Amino acid sequence: MKRRVSALLAQWYDRGHRDLPWRRTADPYPIWVSEIMLQQTRAAAVVPYYERFLDRFPTVDALARAAEADVLALWSGLGYYSRARNLLAAGRQIAARGSFPRDYVELRQLPGIGDYTAAAVASIAFGEPRAVLDGNVLRVVARMENDPGDIGASATRDRFRAVAESWLDRRASGPFNQALMELGATVCMPRRPLCPECPLRARCRALANGTVAQLPVKLGRIPPERIEAVLLLIRRDRRILLRQRALSEPRMPGFWDLPSPEHLPAVRPGAPAGQFRHTITHHRYIFTVSPAPAPARLPTAAPFRWLDPRDAATIPLSTTARKALRLAGLL
DNA sequence: AACTCGGGGTT
DNA sequence: AACCCAGAGTT
């Protein structure tokens, strides 16, 4: 007697799963916010940001009225800041329109909502029968089917999506999708998966073939690039000199950061106070933090301001600046 | 299809 | 040091 994948998943999920805050609501707005924060970000890292964000912006109208700098300040440290900008832009579209999008097609048109997020919100909030395809699902499908296709290739994704859709419980798509992702996150993990505990082990072709550890296949990895840079720690009384990144800069436009020597050529950096590492995608930065005397006059080419570290949570401050201030014992 | 996102936890 | 995470936008 072969039971459906969805039945095996549902029984396993109902026996116990992580208690995540966005699973306690049926309101599409917080579900949407959670899905944006969860893009390329682990659930455990999202939880405190999610709580703070919804405390500050409890409704889509409250979000729509917010200043972008305030949204970015709450996002500061979570990374991938275009998510926050797109979230705000989409929230303003929704508020202007007067109603929350009601299905996958409408959701998919909003900035920051791609195939995954549209399917996730549509299924979890509205019960629409859409299968999600995220990193967890790709891994579970690759192993269940023992499929060595490159998960970065569109042909593989189309094939895997068809499998997920064939499993989908159309009457309970939200719980089904969450159960499948939960399985990938807590049992069918990238390394050292817990196959003996897996509710799908009897149907897993990779387990039967002994190829679990080789799946999924992901080709075309980019080698990391090492970049060294200096951050200047310039103090006046209790305050620290910050420089705002230009709106035209590709990375983190509008964010406040510590200045570097190229921004203040007249300043002579002192002996380093320390170093820290910072990684994003394939860039590995090594920052040296150097105290320096305040310049007699600040250049006018870039906007500067003085920050009392106690106000650090109120502005969009880069994580590198936070790390530097923490290293210096100022935060 | 390739590339980028100035994160960060886990192994 | 890899690996990769409830991905999306741009070129």
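The structure presented is a predicted model; accordingly, all values stated were derived computationally and were not measured. Numbered from 1 within each chain, the chains take letters A, B, ... in sequence-line order.
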* Structure fact -> Testing C:dC5, C:dA6, C:dG9 for proximity to the side chain of A:Pro190, the answer is C:dC5

* Nucleotide nearest A:Arg139 (side chain, heavy atoms from C-beta), chosen from C:dC5, C:dA8, B:dC5 -> C:dC5

Expressed in angstrom and rounded to an integer, what is the separation of [X] atom [atom1] from [N] atom [atom2]?
{"X": "A:Met189", "N": "B:dT10", "atom1": "CE", "atom2": "C1'", "answer": "11 Å"}
{"X": "A:Leu133", "N": "C:dC5", "atom1": "CG", "atom2": "P", "answer": "12 Å"}
{"X": "A:Leu138", "N": "C:dC3", "atom1": "CG", "atom2": "P", "answer": "18 Å"}
{"X": "A:Tyr80", "N": "C:dA6", "atom1": "OH", "atom2": "P", "answer": "13 Å"}
{"X": "A:Asn136", "N": "B:dG9", "atom1": "CG", "atom2": "C1'", "answer": "15 Å"}
{"X": "A:Tyr81", "N": "C:dG9", "atom1": "OH", "atom2": "C1'", "answer": "18 Å"}
{"X": "A:Lys323", "N": "B:dG8", "atom1": "NZ", "atom2": "C1'", "answer": "8 Å"}
{"X": "A:Met37", "N": "B:dC5", "atom1": "CE", "atom2": "P", "answer": "22 Å"}

* Position toward the 5' end of DNA chain B (nearest nucleotide), A:Arg191 or A:Met252 -> A:Met252

* Asked: Hey, which of these two, A:Gly77 or A:His282, hits DNA chain B nearer its 5' end, going by closest nucleotide?
  -> A:His282

Just call it for [X]: base, sugar-phosphate, or nothing, with non-hydrogen atoms closer than 4.0 Å on any strand.
{"X": "A:Ile151", "answer": "nothing"}
{"X": "A:Ser318", "answer": "base"}
{"X": "A:Arg245", "answer": "base"}
{"X": "A:Ile227", "answer": "nothing"}
{"X": "A:Asn177", "answer": "nothing"}
{"X": "A:Trp75", "answer": "nothing"}
{"X": "A:Ser154", "answer": "sugar-phosphate"}

* Could you tell me whether A:Asp19 and A:Arg24 have a side-chain N and a carboxylate O separated by less than 4.0 Å? => yes

Do [X] side-chain and [N] base share a donor-acceptor contact under 3.5 Å?
{"X": "A:Arg18", "N": "C:dA6", "value": "yes"}
{"X": "A:Thr117", "N": "C:dG7", "value": "no"}
{"X": "A:Arg284", "N": "C:dA2", "value": "no"}

* A:Glu182 or A:Gly112: which one's nearest nucleotide on DNA chain C is closer to the 5' end? ->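 Upstream on the strand: A:Glu182.
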
* Taking everything shown except A:Arg268 itself, do over 12 heavy atoms lie less than 6.0 Å from its CZ? ->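 Result for CZ/A:Arg268: open.
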
Less than 4.0 angstrom between a side-chain N/O of [X] and OP1 or OP2 of [N], yes or no?
{"X": "A:Arg277", "N": "C:dA1", "value": "yes"}
{"X": "A:Gln40", "N": "C:dG7", "value": "yes"}
{"X": "A:Arg83", "N": "C:dG9", "value": "no"}

* Asked: So A:Phe304 and A:Ile234, side-chain contact (heavy atoms from CB on, under 4.5 Å) or not? Walk me through it.
  -> CA-CA 12 Å; A:Phe304 293 92; A:Ile234 300 172; over 6 Å; no

Taking the side chain as C-beta and beyond, is there a heavy-atom pair between [X] and [Y] under 4.5 Å?
{"X": "A:Arg52", "Y": "A:Arg56", "value": "no"}
{"X": "A:Phe126", "Y": "A:Leu107", "value": "yes"}
{"X": "A:Leu168", "Y": "A:Ser173", "value": "yes"}

* Passes salt bridge (Lys or Arg N to Asp or Glu O under 4.0 Å), A:Glu249 versus A:Arg243? Steps please. -> CA-CA 13 Å; A:Glu249 291 188 60; A:Arg243 166 188 169 269; 3.1 Å; yes

* In whole Å, what separates the P atom of B:dT11 from that of C:dA6? -> 13 Å

